[in-house]
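Reviewing the structure listed below.
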Amino acid sequence: MSSQRESTITPGQNRKRTIFAALACVVVLAVTILSFLPGRDKHALHTTGRFHSFGHLLAFSIVALLAVRISRSVLVRILVFIGSLLFGFGIESAEHLVYHNLLEWKDVLVDALGVIGGTLIGLLTAPKETDSEGKARGV
């Protein structure tokens, strides 16, 4: 009998992680594509205007939520959190460089708030994993 407790990952948990990972990739790709559309296309898709900040908040909340749900360890979750923040800042910086407009600090802040909110929701809703003896353990 092993002295270390090993976590048991069920096929259902692996399937959920795979689905969350695929969704995270789709959302990150969508955010990236939408960020670099010409202005008239952004306006037509309502990514500018009065719902602009809400879109940022929602998109980055979803990115962080999905990333947390596929992460297994605290260290990975911390790295994913930092990576999500850097992704938001990177998108805004890249838009600034491509379109030569002012860096939208408000968008950077809203992206960060979305990452914080999505991470918290992900942590609060993540199921407890069990060890090899069937005992719940915090992740």
Side-chain angles (χ1 to χ4, degrees):
M1 186 167 170
S2 172
S3 62
Q4 290 182 331
R5 290 189 174 173
E6 299 173 10
S7 67
T8 305
I9 305 297
T10 67
Q13 290 170 321
N14 274 335
R15 186 172 33 251
K16 283 182 184 176
R17 280 200 170 109
T18 301
I19 291 169
F20 287 139
L23 287 173
C25 290
V26 168
V27 173
V28 166
L29 183 62
V31 166
T32 304
I33 290 170
L34 288 172
S35 296
F36 295 102
L37 288 175
R40 67 183 180 282
D41 293 334
K42 284 184 178 185
H43 186 70
L45 293 171
H46 303 289
T47 62
T48 61
R50 63 185 217 206
F51 296 113
H52 180 79
S53 291
F54 179 72
H56 277 263
L57 187 70
L58 183 63
F60 282 89
S61 294
I62 292 170
V63 167
L65 170 70
L66 293 171
V68 165
R69 294 299 299 270
I70 61 175
S71 305
R72 294 183 187 196
S73 72
V74 173
L75 176 61
V76 172
R77 287 179 175 166
I78 291 169
L79 292 174
V80 163
F81 175 78
I82 293 169
S84 297
L85 290 173
L86 291 174
F87 174 61
F89 182 73
I91 287 288
E92 297 305 326
S93 297
E95 285 180 331
H96 163 69
L97 294 172
V98 169
Y99 296 116
H100 306 291
N101 56 0
L102 294 175
L103 184 66
E104 297 181 81
W105 287 104
K106 178 184 171 196
D107 287 351
V108 173
L109 176 63
V110 173
D111 294 348
L113 291 173
V115 169
I116 292 167
T119 300
L120 290 174
I121 291 168
L123 292 173
L124 292 173
T125 61
K128 298 287 184 200
E129 290 189 10
T130 58
D131 62 20
S132 59
E133 298 171 2
K135 297 178 184 173
R137 65 179 182 95
V139 209

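Leu66 and Phe60 end up in the same hydrophobic cluster when Ile, Leu, Val, Met, Phe, Trp and Tyr side chains are linked at under 4.5 Å. In the hydrophobic cluster analysis, where Ile, Leu, Val, Met, Phe, Trp and Tyr join through side-chain heavy atoms closer than 4.5 angstrom, Ile91 is grouped together with Val63. Cluster membership for Val28 and Leu85, using ILVMFWY side-chain heavy atoms within less than 4.5 angstrom, is shared. By the rule that hydrophobic residues join a cluster once side-chain heavy atoms approach within less than 4.5 Å of another member, Ile78 and Leu86 end up as members of one cluster. Residues Val27 and Phe20 are members of one and the same hydrophobic cluster, defined by side-chain heavy-atom contacts under 4.5 angstrom among Ile, Leu, Val, Met, Phe, Trp and Tyr.
No side-chain heavy atom of Thr32 sits under 4.5 Å from any side-chain heavy atom of Ser35. Put simply, the side chain of Val80 reaches to within 4.5 Å of the side chain of Ser84, judged on heavy atoms. No side-chain heavy atom of Leu103 sits under 4.5 Å from any side-chain heavy atom of Glu95. With contacts defined as side-chain heavy-atom distances shorter than 4.5 Å, the pair Phe87/Val31 qualifies. Lys106 places none of its side-chain heavy atoms less than 4.5 Å from the side chain of Glu92.
For Phe81, the ring pair (Phe, Tyr, Trp, His ring centres under 6.0 Å) criterion is met by no residue, not counting sequence neighbours.
With hydrogens and angles ignored, the 3.5 Å screen pairs a side-chain donor or acceptor of Tyr99 with a backbone N or O of Phe36.
The shortest heavy-atom contact between Ile70 and Arg17 is CG2-O, 3.2 Å.
Other residues sharing a hydrophobic cluster with Leu109 under the 4.5 Å side-chain heavy-atom criterion for ILVMFWY residues are Leu57, Val110, Leu113.
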Please tabulate, for side-chain N and O atoms in residues 116-126, each donor-acceptor pair with protein atoms closer than 3.5 Å (sequence neighbours left out).
| residue | atom | partner | partner atom | Å |
| --- | --- | --- | --- | --- |
| Thr119 | OG1 | Val115 | O | 2.7 |
| Thr125 | OG1 | Arg69 | NH1 | 3.4 |
| Thr125 | OG1 | Ile121 | O | 2.8 |

Inset, instruction - Output, in order, the C-alpha distance, side-chain angles, deciding distance and verdict of side-chain contact (heavy atoms from CB on, under 4.5 Å) for Phe89 and Asp111. - result: CA-CA 8 Å; Phe89 182 73; Asp111 294 348; over 6 Å; no

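Atom CG of Leu102 is surrounded by 12 or fewer heavy atoms from other residues, nucleotides or ligands within 6.0 Å.
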